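Comments concern the structure below.
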2 protein chains.
Amino acid sequence: MATKQIKRSARDKLLDAALKIIRAKGYSATRVEEICAEAGVTKGAFFHHFRNKEDWGVAAAQHWSGMTGALFEGAPYHRHDDPFDRLIGYVEFRKAIIEGDVEEFTCLVGTMTQEIYGSHPELREACAASIFGHAATLVPDIEAAMAARGLEPGWTAASLAAHTQAVLQGAFILAKATGDRDTARDSVDHLRRYIELLFAADSKAEPTG
Amino acid sequence: MATKQIKRSARDKLLDAALKIIRAKGYSATRVEEICAEAGVTKGAFFHHFRNKEDWGVAAAQHWSGMTGALFEGAPYHRHDDPFDRLIGYVEFRKAIIEGDVEEFTCLVGTMTQEIYGSHPELREACAASIFGHAATLVPDIEAAMAARGLEPGWTAASLAAHTQAVLQGAFILAKATGDRDTARDSVDHLRRYIELLFAADSKAEPTG
DNA sequence: CGCAACATACCAACCGGTCGGTTTGTCTGT
DNA sequence: ACAGACAAACCGACCGGTTGGTATGTTGCG
């Protein structure tokens with residue numbers, strides 16, 4: 001199933017190069033010759049596989065969704081019996097993979113969204129699908145945890161799931177600003193604390209209407 | 001002190017253009033001729049006032065700091081007597097100014113940081129100073145609120161202040177992805193609820209070590 | 001006058017995209 | 001087993017518009 005061919009095609013190499021370069025310097029500043037050099041192929045190969053640069057960007061976003069999807073699907077936090085534990089496990093897993101250089105742990109589609117949301121609708125759509133598709137995987141566990149505690153709060157499971165992604169995206173920006181992983185990890189700690197407080201305040205009245 | 005000249009100089013116009021264009025399409029994709037057109041000046045004026053594009057970007061970040069600094073300094077939430085109320089007031093103010101098109105309420109320096117953190121150190125420094133300089137204005141109120149409730153938690157005032165900025169930056173990304181203001185406002189609601197829960201759980205033991 | 005604030009004209013490098021050609025693999029008939 | 005046909009994968013020179021930056025005026029104000 002996995003890595004069925006030893007010889008990676010030019011397309012695959014160009015997509016892997018996308019992850020590295022876009023996360024390091026953004027979509028707009030990335031030149032296609034630079035992509036080709038990183039991938040070790042020529043410009044001809046690039047335009048054989050992709051109609052244009054945006055087409056490559058869309059494919060990169062989909063490639064990213066596939067890779068991250070597999071990563072989270074195989075992550076250990078799913079083993080917990082309690083849905084709340086799985087949710088906390090997810091957050092801790094997100095914290096744990098904040099490792100190495102900034103361009104290694106930041107989010108491809110979040111970075112792209114910033115630059116292209118107004119000028120490349122197709123690409124924006126692909127990025128949005130990646131972010132919210134991932135957020136949707138959290139919803140069942142959140143709903144189950146809510147039901148288990150009999151919570152009927154002023155927020156929805158989908159909204160909390162989206163919020164986790166907002167915190168992570170924002171944490172990445174701060175880490176880029178400081179150049180320090182710990183800046184991002186601190187925000188993930190706050191996110192974990194928030195979720196714990198949300199589900200601890202089970203029978204109490206909500207402070208916010 | 002403020003707006004001492006009716007005739008805005010080319011420099012001011014170029015800086016105002018920066019806010020509009022960079023927020024709409026990012027730093028890299030913004031062309032200097034486009035900046036000049038938006039500002040209604042010529043390229044000669046641009047390179048008279050700025051050594052190069054990056055120099056202009058740094059000035060834009062500082063201009064942004066000055067503008068937002070004045071905005072928040074004059075905001076009504078400072079009138080509250082209680083520091084906790086001021087903190088909540090700040091969050092609500094941030095929610096209230098999420099209005100109009102996406103490029104009108106998103107953050108200039110957050111957008112820039114994403115693209116240039118690895119390639120333009122001076123610009124990154126200016127953006128980081130803007131973000132964390134703003135976060136620092138929240139620290140006294142957070143500390144006062146902590147002291148008033150006798151909180152000695154596992155988190156610091158500076159860390160919570162930084163987290164507020166992370167949530168806001170992340171909320172902006174999600175709003176760019178969906179094209180909908182409400183996506184951002186939802187995360188600000190979660191942020192408010194988190195702060196309320198933090199300060200409500202005064203005498204209780206922290207769930208997170 | 002003299003200097004700063006602008007305008008105009010221009011350039012060399014760059015960059016996305018094209019195009020004709022070559023290599024590599026696969027399918028088919030014998 | 002093998003040659004021929006065909007297509008997809010890939011190459012790299014080339015093009016034309018664009019872009020950051022410069023060189024050289026011109027204007028206006030103290």
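A note on names: the letters A, B, ... follow the listed sequences, proteins ahead of strands, and every chain is numbered from 1. Because the structure is predicted, anything quoted here is derived from the model rather than measured.
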Which of C:dG16, D:dG20, D:dC10 is nearest the side chain of A:H48? It is D:dC10
- prompt: In terms of side-chain heavy atoms, does B:R94 have a donor or acceptor partner in B:Y90 at a distance below 3.5 Å?
  reply: yes
Out of D:dC10, D:dG20, C:dG16, minimum distance to the side chain of A:K43 belongs to C:dG16
Atom CD1 of B:I35 and atom P of D:dG21 are separated, to the nearest Å, by 10 Å
B:K13 NZ to C:dA5 P, in whole Å, measures 14 Å
| query | B:R31 side chain N/O closer than 4.0 Å to the phosphate oxygens (OP1, OP2) of D:dG20? | reply | yes
Check your understanding: So, B:H190 and A:S159: side-chain donor and acceptor under 3.5 Å apart, yes or no?
Key -> yes
note: B:K53, atom NZ; D:dT22, atom P; distance rounded to Å ~ 15 Å
Applying side chain to side chain contact (heavy atoms under 4.5 Å, CB included) to A:T42 and not counting sequence neighbours gives A:A45
Checking C:dC6, D:dG21, D:dC11 against the side chain of B:F47 (C-beta onward), the nearest is D:dG21
Picking from D:dC11, C:dT8, C:dG16, the nucleotide nearest the side-chain atoms of B:T42 would be C:dT8
From CD of A:E54 across to P of C:dG16 the rounded distance in Å is 14 Å
A:F46 atom CZ is separated from D:dA9 atom C1', nearest whole Å, by 15 Å
note: A:E33, atom CD; C:dC14, atom C1'; distance rounded to Å ~ 9 Å
A:N52 atom CG is separated from C:dC15 atom P, nearest whole Å, by 17 Å
B:D55 atom CG is separated from D:dT22 atom P, nearest whole Å, by 12 Å
Per nearest nucleotide of DNA chain C, the residue lying toward the 5' end, A:T30 or A:G44, is A:T30
**Q.** A:F46 vs A:N52 side-chain heavy atoms within contact, under 4.5 Å
**A.** no
Taking 4.0 Å as the cut-off, does a side-chain nitrogen or oxygen of A:H49 come that near to OP1 or OP2 on D:dA9? no
TODO: Report yes if some heavy atom in the side chain of A:E103 is under 4.5 Å from a heavy atom in the side chain of A:K20; otherwise report no.
DONE: no
